[in-house]
**Q** 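Before we start, here is the structure in question, set down as structure tokens.
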Number of protein chains: 2
Amino acid sequence: MPKPQITIKDIARELEVSVSTVSRALNDSPDLSKATKQRVQDYAKLHHYNPNFLALSIKKRESTVIGVIVPQVTHHFFASVVEGILEVADREGFSVLLFRSHEEYDKEVRSVQRLLSSRVCGVLTSVAKETTRYDHFQELVDNDIPVIFFDRICVDIQSNRVVIDDYAGALSATEYLIKTGCKRISFFCSPMHLEISKNRRGGYVDALRKHGLPVDNDLIKICDNYDDAIPVATEMLQSENRPDAFFAVNDETALGILHASKLLHLKIPDEVSICGFTDGFAAIASDPQLTTVGQNGFDVGVSAMELLVERIRSNGEPMLKNRIIRTKLVVRETTR
Amino acid sequence: MPKPQITIKDIARELEVSVSTVSRALNDSPDLSKATKQRVQDYAKLHHYNPNFLALSIKKRESTVIGVIVPQVTHHFFASVVEGILEVADREGFSVLLFRSHEEYDKEVRSVQRLLSSRVCGVLTSVAKETTRYDHFQELVDNDIPVIFFDRICVDIQSNRVVIDDYAGALSATEYLIKTGCKRISFFCSPMHLEISKNRRGGYVDALRKHGLPVDNDLIKICDNYDDAIPVATEMLQSENRPDAFFAVNDETALGILHASKLLHLKIPDEVSICGFTDGFAAIASDPQLTTVGQNGFDVGVSAMELLVERIRSNGEPMLKNRIIRTKLVVRETTR
DNA sequence: GTGAAAGCGCTAACAG
DNA sequence: CTGTTAGCGCTTTCAC
């Protein structure tokens with residue numbers, strides 16, 4: 001195990017003062033002679049004294065560590081969110097304990113457990129796809145640990161939320177497809193128990209209705225990744241009454257559809273329009289470049305963390321403030 | 001601040017036993033009657049007792065938290081590494097404090113400071129591009145905190161390393177380009193003070209030499225991202241003696257080159273071959289799909305964390321064990 | 001101005 | 001088998 005770092009006690013012994021004096025000096029307490037204060041501070045600097053955060057938290061009953069649980073780190077959106085969180089955390093003096101649920105309920109529960117044991121002062125999370133019970137999150141709330149959900153929120157828990165405007169994003173994307181002449185628009189989305197699916201579907205459906213197009217359930221598929229999208233899209237595109245447009249829940253899925261379309265030698269965007277959701281680097285790398293709903297993960301992370309900091313500083317007042325991060329339709333080459 | 005969670009003391013009071021009895025029961029100590037043990041454990045479970053890790057670490061002078069500093073989270077390779085680390089951490093019972101240096105020296109130093117104060121039991125890191133002094137890392141070592149460098153290692157510090165086989169990866173990629181008939185192969189890489197640049201350059205140069213091709217410094221550019229690659233590649237491709245192949249330090253750069261080539265209506269791969277390094281999702285999304293040197297970030301993370309765990313468990317014996325993660329050339333469509 | 005002492009949650013001798 | 005006690009690093013009354 002690491003050898004113990006220098007402590008306030010060591011300094012006290014060496015300088016022949018009491019520990020309280022050292023403590024006061026390091027905290028820049030006003031009632032202390034300039035001389036001793038300086039002496040202590042110099043010694044501390046010279047010997048690389050680092051305050052022991054563990055002792056601090058345990059004593060003051062408050063920590064500066066927050067917990068973050070994301071489904072997956074290798075996912076452009078979540079990675080951006082984490083970046084945003086880290087950015088604010090650094091600025092505001094917090095550290096981040098990171099966990100990933102890997103979309104599994106068990107891992108999520110275990111992570112929450114560790115967060116509780118680590119006595120974090122707040123938690124930011126996006127729930128796993130598998131999760132349908134929320135007792136673990138409730139336990140955080142019961143212990144007065146502020147929880148902020150982002151993106152994949154949990155409606156059953158009373159807490160703050162940061163969501164991207166899924167409904168509006170889906171609505172405007174679908175409307176754009178309609179306006180450019182598409183009539184049979186398919187929608188590829190994640191499992192329906194996720195709020196994000198419901199909202200995006202809502203935007204999609206409302207756009208169709210608004211423009212007098214029928215809502216055909218055969219055009220709505222539960223499919224949200226590259227590999228699965230290829231066969232599903234291929235089958236649809238080979239049917240007699242094939243869709244002339246696809247709106248997918250993320251870029252990976254959209255690119256899977258694009259791939260399938262190319263294999264069938266369909267002209268993009270003339271015969272088939274495709275729109276994704278995320279706007280990661282892959283959207284630029286593809287050819288034709290992908291039209292997609294830009295989802296600013298960084299801003300989501302920043303907002304979520306700012307909300308959390310505000311709540312921690314306000315002494316945990318359970319303010320009912322949520323944030324909606326606007327999306328932006330980025331029109332590129334897979335739509336007319 | 002969060003209300004204090006239930007403690008061993010609370011349990012002791014409630015059950016009218018001493019704290020040591022509770023402690024022993026919760027640690028499943030052998031010398032304790034089954035009855036009391038059960039009684040305590042039941043009560044603890046019922047009331048959601050969570051051991052206070054802070055108190056534990058401070059008492060036992062060892063923590064189960066490790067620190068990770070990466071330059072950037074939104075970078076497929078680093079995100080994968082973090083995933084790998086989290087995977088092993090979860091399995092082995094560690095938590096991860098994550099920091100990002102954002103390629104800045106100052107942020108890196110600050111992160112190390114916090115890690116020191118957080119009394120982590122080990123650190124995994126890949127150094128920032130800006131960093132040229134290593135005192136902060138040395139301080140970790142001086143405090144007997146095991147440090148494992150991955151990818152962007154630091155040769156000045158005596159510690160363990162996990163690197164991907166940059167030299168071999170670059171060598172085989174360049175050889176492949178040569179074998180498929182390319183004669184003027186350009187190399188786009190990161191700043192030369194990074195080990196990774198030196199090694200990849202070494203592989204590139206040696207491949208040229210081995211096959212009797214001249215090493216032309218005009219063909220070697222310091223350029224490692226999508227946006228910068230476009231103008232630089234464009235200029236080269238318009239020169240009279242243009243390259244017939246490009247080998248880039250990462251996929252983003254390679255895709256920038258690809259983009260520039262397409263704008264000039266050059267046939268890929270007939271007139272220009274392109275090879276990247278990373279193999280992220282964008283390599284599949286692009287059209288033509290990118291030939292690239294697959295760099296398994298997940299394995300890097302797993303190996304680094306396993307090395308760290310081994311070292312922590314072996315009581316910090318400064319074993320001199322390094323790991324080299326093999327790369328794999330993934331031939332797709334941007335090479336002949 | 002400075003020190004002594006208590007206590008945060010927990011473990012680990014040392015007693016009994 | 002169980003309790004008492006000291007102490008991990010630190011802050012914070014309360015004295016002097």
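The figures here come from the full heavy-atom set of this structure, side chains too, leaving out hydrogens, waters and symmetry mates. To find a chain, count down the sequence lines: A is the first, B the second, and so on, and within it residues start at 1.
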**Q** CG of B:D28 versus C1' of C:dT11: gap in Å, rounded?
**A**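 Atom CG in B:D28 sits about 16 Å away from atom C1' in C:dT11.
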**Q** Where the side chain of A:Y49 is defined as all heavy atoms beyond and including C-beta, which of C:dG9, D:dC10, D:dT13 is the nearest nucleotide?
**A**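 Within the option list, the nearest is D:dC10.
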**Q** I want to verify a distance call: between C:dA5, C:dT11, D:dC8, whose nearest atom is closest to the B:L56 side chain?
**A** C:dT11
**Q** Check whether the side chains of A:S95 and B:R114 place a donor and an acceptor atom closer than 3.5 Å, and report yes or no.
**A** yes
**Q** Send over the distance from B:N27 CG to C:dG9 P, rounded to a whole Å.
**A**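 Going from CG in B:N27 over to P in C:dG9 covers 17 Å.
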**Q** To the nearest angstrom, how far is A:L15 atom CG from C:dG3 atom P?
**A** 11 Å
**Q** Go through it in stages, so that I can follow the logic: the residues are A:K45 and A:Y49, the test is side-chain contact (heavy atoms from CB on, under 4.5 Å), and I'd like the CA-CA distance, side-chain angles, deciding distance and then a yes or no.
**A** CA-CA 6 Å; A:K45 200 148 298 165; A:Y49 169 79; over 6 Å; no
**Q** Return the value, rounded to whole Å, for the distance between atom CZ of B:F53 and atom P of C:dT11.
**A**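 Those two atoms, CZ and P, are 11 Å apart.
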**Q** Strictly by modelled atom types, are A:Q38 and A:D42 linked by a side-chain donor-acceptor pair under 3.5 Å?
**A**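 The criterion, which ignores hydrogens and geometry beyond distance, is satisfied for A:D42 and A:Q38.
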**Q** Does a side-chain N or O from A:S18 land closer than 4.0 Å to OP1 or OP2 of C:dT2, or not?
**A** no
**Q** Taking CZ from B:R39 and P from D:dC1, how many angstroms apart are they, rounded to a whole number?
**A** 16 Å
**Q** Just the rounded figure in Å: distance from P of C:dG9 to CG of A:N143.
**A** 13 Å
**Q** Mark yes or no for a side-chain to base donor-acceptor pair under 3.5 Å between B:S20 and D:dT4, with no hydrogen or angle criteria applied.
**A**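 Under the 3.5 Å cut-off, the side chain and the base do form a donor-acceptor pair.
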**Q** Can you pull out the residues from residues 30-37 of chain B that lie within a 4.0 Å heavy-atom distance of DNA chain D?
**A** B:D31, B:L32, B:S33, B:T36
**Q** Any donor-acceptor pair under 3.5 Å linking the side chain of A:K37 with the backbone of A:S29?
**A** yes
**Q** Quick one: label A:T7 by what it contacts on the DNA or RNA (base, sugar-phosphate, nothing), any heavy atom closer than 4.0 Å.
**A** sugar-phosphate
**Q** Does any donor atom in the side chain of A:Q5 or A:N52 lie under 3.5 Å from an acceptor atom in the other side chain?
**A**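 There is no such pair (donor and acceptor under 3.5 Å, judged by atom type) between the side chains of A:Q5 and A:N52.
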**Q** A:K9 has an atom NZ; how far is it from atom C1' of C:dG3, in whole Å?
**A**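 Between C1' of C:dG3 and NZ of A:K9: 15 Å.
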**Q** With the side chain of A:I8 defined as its heavy atoms from C-beta on, choose the nearest nucleotide among C:dA5, C:dC8, D:dG9.
**A**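 Side chain of A:I8 sits closest to D:dG9.
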**Q** Could you label the plane-to-plane angle of the A:H75 and A:F77 rings as parallel, tilted or perpendicular, counting under 30° as parallel and over 60° as perpendicular?
**A** perpendicular
**Q** Could you tell me whether A:K59 contacts a base, only the sugar-phosphate backbone, or nothing, with contacts defined as non-hydrogen atoms closer than 4.0 Å?
**A** base
**Q** Would you mind telling me which of C:dA4, C:dT11, D:dC10 lies closest to the side-chain atoms of A:N52?
**A**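 Nearest listed nucleotide: D:dC10.
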**Q** Can you tell me how far C1' of D:dC8 sits from CZ of A:R13, to the nearest Å?
**A** 14 Å
**Q** If only side-chain N and O atoms count, and only distance matters, is there a donor-acceptor pair under 3.5 Å linking B:S33 with B:T36?
**A**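 B:T36 vs B:S33: donor-acceptor pair found between side chains.
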**Q** Among D:dT11, D:dT5, D:dG9, which nucleotide sits nearest the side chain of B:I58?
**A** D:dG9
**Q** Could you please name the option among D:dG3, C:dT11, D:dT11 that lies closest to any side-chain atom of B:R24?
**A** D:dG3
